[in-house]
Amino acid sequence: MKITSARVIVCSPGRNFVTLKIETDEGISGIGDATLNGRELAVAAYLDEHVVPALIGRDATRIEDTWQYFYRGAYWRRGPVTMCAIAAVDTALWDIKAKAAGMPLYQLLGGASRDAVMVYGHANGGDIAETVDEVARYLDLGYRAVRAQCGIPGLASTYGVARDKMFYEPADAAIATENRWSTTRYLDHVPKLFDALRARFGFEPHLLHDVHHRLTPIEAARLGRSLEPFRLFWLEDPTPAENQEAFRLIRRHTVTPLAVGEVFNTIHDCQALIAEQLIDYIRTTVVHAGGITHLRRIAQLAELWQVRTGSHGATDLSPVCMGAALHFDLWVPNFGIQEYMRHTPETEAVFPHAWRFEAGFLHPGDAPGHGVGIDEAQAARHPYRPSALPVNRLEDGTMWNW
Ligand code: CS2
Ligand code: MG
């Protein structure tokens, strides 16, 4: 089966997405997500200039060899742009192989290890009362797990709190908007949020929180310890993880479970975190960590150390990534949870998919392949729009982590 064409489709149905479509001489095509929020055209250019020309004529069935070719052959290895491009190729080839086999992708990976995929939704509010009500709404929708983010008194904005309660798109301007941050205010406020949530809902619902890289290790240790009475499912990205050793300090001080990895793009970014059991969930994704082929390697390393998967699933990961992720999630033995931030109806019109939500779980469906398509006519109606993620400064103006 030879690759006859590979096209990069950039569209913006409410937000930018980059999709790679690979076609073969047997009339079977596959698609992969290549979306990197705020850097979409960098990946599109990498694909167009450095990947697509080398794809034409390759054997579409040789997924592993193609992965190795674009990883080892890049010379300048790793990094979000390169690994996003490789991920798109890999996902499209797995889609093709499963379609050629006439089976849903999860069957090709090894079959279902569970009945369905538990997901978590995003509740957010301007203050504690509104956030508690939003969590109630997600529980009423059937979610068993809900992430809670709320406004911090005295701060004009903070991560995860949006005007829209169902859809959250942080890339809100062509040039990064500037946010201000106060760790002191944040550390004082978050325990009050989870105290109120447990008082209202008890300990049945799984509650999660995303720190979004904003604390130093000792501050993260303090927050983890202060949240222990509220038994979080996980505390996410407590501190920037370029320095994996930083998590040794956090781990020494708290038993609150830790989740990291949505910004990682290879196994090397998390090898120490996993092997030293410094985290409990690895958040790497199909689109940002080299596709199914590499994500499987990360999950299998994690399994050795009883670390479970908890893949990122924000709206800036396209429905193509979500579809492929659900097949992965249904198969992977050490599954933890899947993030599920809903896409808008205009996005879903561009990317018809087989998955369905039921009582807090998603199932990928049993269509051959990963079960997600792209309506190119719909896509063409939504041209690319420059958009950047915000930046964050401390109250004295010091650049900080957004
Ligand atoms: C967040 C993301 O969903 C999450 O856990 O960290 O929303 C993240 O901010 C965006 O994906 C960035 O584009
Ligand atoms: Mg996050």
Side-chain angles (χ1 to χ4, degrees), residues 1-7 9 19-34 52 55-70 86-117 119 285-287 290-297 299-300 309 311 313 317-333 335 338 340 348-358 361-379:
M1 181 192 285
K2 291 283 181 246
I3 294 172
T4 52
S5 98
R7 289 182 291 113
I9 303 163
T19 307
L20 176 71
K21 182 167 188 176
I22 294 179
E23 292 166 316
T24 67
D25 60 0
E26 294 186 15
I28 298 175
S29 64
I31 60 175
D33 185 16
V52 166
L55 271 176
I56 308 306
R58 281 189 71 88
D59 179 344
T61 65
R62 298 181 64 178
I63 298 176
E64 185 66 56
D65 179 63
T66 300
W67 195 97
Q68 296 293 336
Y69 178 86
F70 286 112
I86 292 174
V89 173
D90 188 77
T91 306
L93 294 182
W94 276 105
D95 191 21
I96 288 167
K97 191 179 274 288
K99 285 173 178 173
M103 62 175 73
L105 177 54
Y106 73 85
Q107 292 292 12
L108 208 56
L109 294 172
S113 304
R114 55 197 55 78
D115 301 329
V117 172
V119 295
T285 66
V286 169
V287 61
I292 297 280
T293 298
H294 197 59
L295 192 64
R296 192 165 56 169
R297 288 204 166 89
Q300 284 163 337
T309 65
S311 287
L317 286 68
S318 98
V320 179
C321 177
M322 180 55 79
L326 291 174
H327 284 270
F328 186 89
D329 294 339
L330 201 65
W331 157 75
V332 70
F335 172 74
Q338 170 66 52
Y340 176 43
E348 305 235 324
V350 174
F351 298 101
H353 57 74
W355 81 66
R356 59 188 185 279
F357 176 83
E358 234 168 75
F361 291 78
L362 278 175
H363 191 286
D366 286 295
H370 56 46
V372 189
I374 183 166
D375 180 327
E376 294 192 50
Q378 285 280 352

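This one's a predicted model, so the numbers in the text were calculated from it and none came from an experiment. Positions are given from 1, in the same order as the sequence printed here.
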State plainly whether the residues Arg296 and Glu64 are in salt-bridge range, i.e. N to O under 4.0 Å.
no
Below 6.0 angstrom between ring centroids: does that apply to His370 and Trp94?
no
Do Trp331 and Phe328 have their ring centres less than 6.0 Å from each other?
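Yes, close enough.
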Between [atom1] of [X] and [atom2] of [Y], what distance do you get to the nearest 0.5 Å?
X	Y	atom1	atom2	answer
Lys99	Ser29	NZ	OG	4.5 Å
Glu376	Thr19	CD	OG1	9.0 Å
Ile28	Ile22	CD1	CD1	13.0 Å
Leu109	His327	CG	NE2	9.0 Å
Ile374	Phe351	CD1	CZ	4.5 Å
Thr66	Leu55	OG1	CG	7.0 Å

Can a cation-pi geometry be assigned to Arg58 and Tyr69, taking NZ or CZ under 6.0 Å from the six-membered ring centre and within 45° of the ring axis?
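Output yes; distance and angle both within limits.
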Looking at [X] and [Y], would you say the former's side chain and the latter's main chain have a donor-acceptor pair under 3.5 Å?
X	Y	value
Asp329	Val117	no
Asp95	Ile31	yes
Thr309	Ser311	no
Asp90	Ile292	yes
Lys97	Thr61	yes
Arg356	Phe361	no

Trace of the side chain to side chain contact (heavy atoms under 4.5 Å, CB included) decision for Lys2 with Asp59:
CA-CA 5 Å; Lys2 291 283 181 246; Asp59 179 344; 4.2 Å; yes
I need the minimum non-hydrogen distance between [X] and [Y], along with the two atoms involved.
X	Y	answer
Gly30	Ile96	N-CG1, 3.3 Å
Ile56	Ala6	CD1-N, 3.8 Å
Ala379	Ile9	CB-CG2, 4.2 Å
Gln378	Ala349	CG-O, 3.9 Å
Ala60	Thr24	CB-CG2, 3.9 Å
Gly365	Pro104	O-CB, 4.1 Å

Arg114 CZ: over 12 foreign heavy atoms closer than 6.0 Å:
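Yes, the 6.0 Å shell around CZ holds more than 12 heavy atoms from other groups.
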Could you check if a side-chain atom of [X] sits within less than 4.5 angstrom of a side-chain atom of [Y], using non-hydrogen atoms only?
X	Y	result
Val89	Trp67	no
Met1	Asp25	yes
Val286	Asp33	no
His363	Leu330	yes
Phe335	Ser113	no
Val320	Val287	no

